[in-house]
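Computed from a predicted model, the values in this text were never measured in an experiment. Every chain is numbered from 1 and lettered A, B, ... according to where its sequence line falls, protein lines coming before strand lines.
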Number of protein chains: 2
Amino acid sequence: MTPTIKDVAAYAGFSIATVSRAINAPHTVNPLTLAKVREAIAALNFRPSPLGRQLRSERTRLIGVILPTLSNPVFAECLQGIDELAAAQGYRLMLMTTQYDADRERHAIETLREQRVEGLILTVADADTHPLLDELDRDGPLYVLMHNDTVRRPSVSVDNRQAAYDGVRMLIAHGHRRILMLAGTLAASDRARLRHAGYVQAMQQAGLTPAPALEVDFNAEELAPSVLAHLTNGAARPTALFCSNDLLAMVVIRGLRRARFQVPRDMSILGFDGLAMGELLAPALASIGSPNRDIGCAAWERLMTRIDSARANAAPVQNQSLSLTLPHTLRTGATIAAIAHEPAIVNDAGSRHDSADDAAIHAIDALRAR
Amino acid sequence: MTPTIKDVAAYAGFSIATVSRAINAPHTVNPLTLAKVREAIAALNFRPSPLGRQLRSERTRLIGVILPTLSNPVFAECLQGIDELAAAQGYRLMLMTTQYDADRERHAIETLREQRVEGLILTVADADTHPLLDELDRDGPLYVLMHNDTVRRPSVSVDNRQAAYDGVRMLIAHGHRRILMLAGTLAASDRARLRHAGYVQAMQQAGLTPAPALEVDFNAEELAPSVLAHLTNGAARPTALFCSNDLLAMVVIRGLRRARFQVPRDMSILGFDGLAMGELLAPALASIGSPNRDIGCAAWERLMTRIDSARANAAPVQNQSLSLTLPHTLRTGATIAAIAHEPAIVNDAGSRHDSADDAAIHAIDALRAR
DNA sequence: TTGAAAGCGCTAACAC
DNA sequence: GTGTTAGCGCTTTCAA
């Protein structure tokens, strides 16, 4: 069916070795021979099978990518970055998604390992306590985590604790004092934990009382009554919500709206992820931005570094820390309103500002200068 | 490094043939032997290399997926559907993106073909006039197109012309008479062409004058002044815009907003794609929905059918048409306002409705009954 | 029931 | 500069 190197050799009248050389080291064969071989290749529309090649050389030029889902643009953006570099460097990508399911994570790793991927780029729910990763450390292919925020393993992410801290400080700078954190059903993830820690830190530092993260069902059409009660009832209701991701923020905004709550007049909202989509909302979603594409690219580069050094010598590169932290951004948006009736807790005891955006910008400047 | 079948054989004290049989046809080996082999496999943490296996059996269980981009959730959703089925059926996916670039399309096909994928699922800019697809028809792997709306090739999509027609009729039913179609920079795609054809048909049928599609730069922060002029100037300005996709619609809404145009009061907007995200906007985006996930799944199933029948006998299945059309939906949203000052052109000369949504629902019923 | 051996497509020694 | 040959990990006759 598909022509093999043998067919080419027969057609050209040379041995398969010569054909192989003509393909892989053209300068070592007679130009005339080369021409004939090339003609044969063209005539037969031959393309070398990577299978035989890989079998021989132990190099597959294959990288596995394991993501929780592609429904969240965060991961799609990462993948986009990875794909760009992979294509440019002649690697192929094998993709599997897990929906955060442990069984599927295991299955994906098994499958990709069977395929002899040279490396793995992945995002898991909780990196620290992940037994599969220990396995990989021992004898699996090299890997780099994306988004998982841990110093214990090779990873690329933003500083989730710091980012959440910055974001919540911004809310506080806008005069908010009753700030609640909302988390998706994946409250157990390392990121969610760290984001909550940042929230707690910012609150305490401002002399405010942090609360446990409120879990919200992501996929529900409406906000659960119990959640809505938390958000809207009584005088002690929060004036601002820190949502652990943008998709969640959008769902919450819709839920509030249906409950006749206006954003940001009745409730300020801060998301996390900095989805491009958020800027198209009205009001534009305020969010802590994570450079998803860059995270993908950085993960790729880390992985390549690891692979190259593993190939060169057995000693892994130890002069760089395992985890790489990329800078986050604070995207001010129109979903945050300043609370006027209480004095804002901002260090620069300067002038009051007219618009929420002005205040936000100053708040950020203050944070950045920190 | 990684254990091979030989290591297992040596460890278990049998030949590699027996090990192979123990793995692939357990019932043909002595239970005692089987147990020993399995023990060896477990002890060495052996997993058969698909490379050797594929080399032998000519089956890679590998499917290539080629998409323009993952930044548009439309494609991410398709991929999600494909991935689900692939995982369930023990296939692996190799992904490449093209950014609609012809060179990259060619390169992707070459690469995947080299990898000996058993099939290809892809979306191209324009399927009808695509030379690479002719090549695939001749001697490439089997393929199925997604989203490309053509009867000439194996494909899965919605009926773009009909969908656009339905959508524009809905706008007309809301009393709009000056309706403009906006297209992204990819106005040359088969889909864009058909959507415009549907628009033209709906307009003409209502005795209105269709206009050429107005091209809008997708990535620009602001709408181009020339575009804005078209949309906002004079008494003849359009009252409704049919955007050839949701992302474009969102960009347009933002641009209009910046120009102090309110949606839907000053301009009604209808998108195309039915992105889940659109429902979270405020106002929720009206859109012609395409079942992206299902399109991915259907493409998968078509491909499997083609592969299976190709394997069974050389004769391809001819009793099903090449292209499969999936039903679209009309998602009414708050971005469409009824125009009160002109009588709505609706067949049911019944009662006037209070809200735009009511009118829309009736309009759809009317269309559906057609 | 098990083993020996051939061969899938290719690369890389080594010989000529 | 070119050919011969071994072997990558596996499946699959064919014999025993």
Once side chain to side chain contact (heavy atoms under 4.5 Å, CB included) is applied, do any residues pair with [X], and if so which ones, sequence neighbours excluded?
X	result
A:Leu142	A:Leu303, A:Arg306, A:Ile307, A:Ala310
B:Arg47	A:Glu110, A:Arg113, A:Glu114, A:Arg116, B:Asn45
A:Asn148	A:Thr123, A:Val124, A:Ala127, A:Leu145, A:Asp190, A:Arg191

Toward the 5' end of DNA chain D, by each residue's nearest nucleotide, A:Leu34 or B:Thr18: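 By nearest-heavy-atom nucleotide position, the 5'-most residue is A:Leu34.
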
Can you list the residues that meet the side-chain hydrogen bond (donor to acceptor under 3.5 Å, both in side chains) rule with A:Gln89, with sequence neighbours excluded? A:Trp300

Kindly state each residue pair satisfying salt bridge (Lys or Arg N to Asp or Glu O under 4.0 Å) with at least one member in residues 61-79 of chain B, sequence neighbours excluded.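 Not a single pair qualifies under salt bridge (Lys or Arg N to Asp or Glu O under 4.0 Å).
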
Output a table of donor-acceptor pairs, distance under 3.5 Å, between side-chain atoms of residues 32-41 of chain A and any protein atom two or more places apart or on a different chain; print 'none' if there are none.
none

Nucleotide interval of DNA chain D bounded by contacts with chain A (heavy-atom cut-off, under 4.0 Å): D:dG1 to D:dG9

For nucleotides 7-16 of chain C, 5' to 3', base contacts (B), sugar-phosphate-only contacts (S) and non-contacts (-) with protein non-hydrogen atoms under 4.0 Å give BBBBBBB---

Quick one: list whatever passes ring-ring contact (aromatic ring centres under 6.0 Å, His included) with B:Phe75, sequence neighbours left out. B:His147

As an exercise, state the distance from CG of A:Asn30 to CZ of A:Arg21, rounded to the nearest 0.5 Å.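 Here the interatomic distance stands at 12.0 Å.
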
